[in-house]
A.B. asks: 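Below are the structure tokens for one structure; questions will follow.
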Amino acid sequence: MDNNYVITIGREYGSAGRQIGMALAAELGIKCYDKELLALAAKDSGLTEELFHTHDEKPTNSFLYSLVMDTYSMGYSTPSFIDMPLNQRVFMAQHDSIKKLADSESCIIVGRCADYALKNHPGCISVFIKADMDAKIKRIMRIYGYNENKARDLIVKTDKKRANYYNFYSNKKWGDSRSYDLCIDSSKLGIDGTVAMLKEYVKQRIETGVKEI
């Protein structure tokens with residue numbers, strides 16, 4: 001529908017991006033899609049959901065890996081789609097599901113190059129959430145019970161994976177302020193403060209010309 005707006009959230013690991021997205025969605029009375037998008041893309045495309053979890057925010061360049069995993073493929077029958085490497089097919093199927101979702105409802109989508117998929121959508125509001133490394137480490141240690149070194153290592157590796165995925169599939173740079181409408185440090189305001197700021201920003205954007213709530 002023409003009056004839909006979609007908030008896309010890119011996030012550093014440990015910045016509470018998903019929790020902030022869920023809380024913001026509750027404040028705005030809309031849905032937040034994160035892992036749920038994988039099941040939706042699988043249903044839309046006919047590819048197995050396992051594929052989407054395997055390739056989730058991972059740019060896989062190995063032709064051999066794509067060939068082996070191709071045994072899971074069941075959907076999209078057009079020649080151009082079938083000829084793509086499997087990781088490209090998974091990305092395109094997810095890309096299409098994001099656009100369908102944006103056309104059908106106002107919502108929040110976490111990660112998965114959603115801002116790139118919706119670059120021509122007039123109601124797209126792109127956000128990136130970061131946090132201080134110390135704050136991210138403490139959060140991961142608290143949630144998962146890891147020690148400081150393991151938490152730091154997981155953060156670095158996950159953010160590298162997300163950056164590689166975003167940079168591989170889009171024409172922008174992950175985490176670069178020029179790639180988003182708004183970048184915010186959740187460790188400065190806390191989760192509730194970040195949600196409140198984003199809610200106000202979204203309302204201002206809509207009131208000044210994106211769309212009406």
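Owing to the predicted nature of the structure, the values given are computational and were not obtained by experimental measurement.
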A.B. asks: Using 0.5 Å steps for rounding, measure from the OG atom of S15 to the CD1 atom of I20.
C.D. replies: 6.0 Å
A.B. asks: Closest approach of G17 and I129, non-hydrogen atoms and distance?
C.D. replies: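 The pair with the smallest heavy-atom distance is CA-CD1, 4.1 Å.
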A.B. asks: N171: what forms a side-chain contact (heavy atoms from CB on, under 4.5 Å) with it, not counting sequence neighbours?
C.D. replies: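 N171 satisfies side-chain contact (heavy atoms from CB on, under 4.5 Å) with Y116 once adjacent residues are dropped.
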A.B. asks: Within a 6.0 Å radius of atom NZ on K172, are there more than 12 heavy atoms belonging to other residues, nucleotides or ligands?
C.D. replies: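 For K172, atom NZ is crowded (more than 12 foreign heavy atoms under 6.0 Å).
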A.B. asks: Using 0.5 Å steps for rounding, measure from the OG atom of S126 to the CG atom of L118.
C.D. replies: 10.0 Å
A.B. asks: Transitive ILVMFWY cluster of F128 at side-chain heavy atoms under 4.5 Å: who else is in it?
C.D. replies: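 Grouped by the 4.5 Å side-chain rule, Y166, W174, Y180 form the rest of the cluster around F128.
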A.B. asks: Please determine whether salt bridge (Lys or Arg N to Asp or Glu O under 4.0 Å) holds for the pair D153 and K157, giving the CA-CA distance in whole Å, both sets of side-chain angles, and the decisive distance to 0.1 Å.
C.D. replies: CA-CA 6 Å; D153 184 60; K157 288 181 178 178; 3.2 Å; yes
A.B. asks: State, to 0.1 Å, how close A102 and V6 come at their nearest heavy-atom pair, and which atoms those are.
C.D. replies: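 So the two residues come closest at CB-CG2, 3.6 Å.
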A.B. asks: Would you mind listing every salt bridge (charged side-chain N to carboxylate O under 4.0 Å, His left out) that reaches into residues 14-30, with sequence neighbours excluded?
C.D. replies: R18-D34, R18-E36, E27-K199
A.B. asks: Report the residues that fulfil side-chain contact (heavy atoms from CB on, under 4.5 Å) with I143, sequence neighbours left out, ordered by chain and then residue number.
C.D. replies: R139
A.B. asks: I'd like to check the side-chain contact (heavy atoms from CB on, under 4.5 Å) partners of M133; sequence neighbours left out, ordered by chain and number.
C.D. replies: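 Partners of M133 by the side-chain contact (heavy atoms from CB on, under 4.5 Å) criterion, ordered by chain and then number, come out as K136, I137, R152, I155, V156.
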A.B. asks: Is there a donor-acceptor contact under 3.5 Å linking the side chains of E105 and Y33?
C.D. replies: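 A donor-acceptor contact under 3.5 Å links the two side chains.
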A.B. asks: Can you classify the ring geometry of Y13 versus Y144 as parallel (below 30°), tilted (30 to 60°) or perpendicular (above 60°)?
C.D. replies: parallel
A.B. asks: Give a yes or no on whether the backbone of K130 and the side-chain of S186 come within a donor-acceptor separation of less than 3.5 Å.
C.D. replies: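 Checking the backbone N and O of K130 against the side chain of S186, a donor-acceptor pair under 3.5 Å is found.
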A.B. asks: Tell me, yes or no, whether the heavy-atom count around M141 atom CE, taken from other residues, nucleotides or ligands under 6.0 Å, exceeds 12.
C.D. replies: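 Yes.
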A.B. asks: Do the side chains of K100 and D96 get close enough for a salt bridge, i.e. N-O under 4.0 angstrom?
C.D. replies: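 Salt bridge between K100 and D96, a charged N being under 4.0 Å from a carboxylate O: no.
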A.B. asks: To the nearest 0.5 Å, what is the distance between OG (S106) and CD1 (I7)?
C.D. replies: 8.5 Å
A.B. asks: Please list all pairs passing the salt bridge (charged side-chain N to carboxylate O under 4.0 Å, His left out) test where one or both residues lie in residues 178-194, with sequence neighbours left out.
C.D. replies: D132-K188, D176-R178, D181-R205
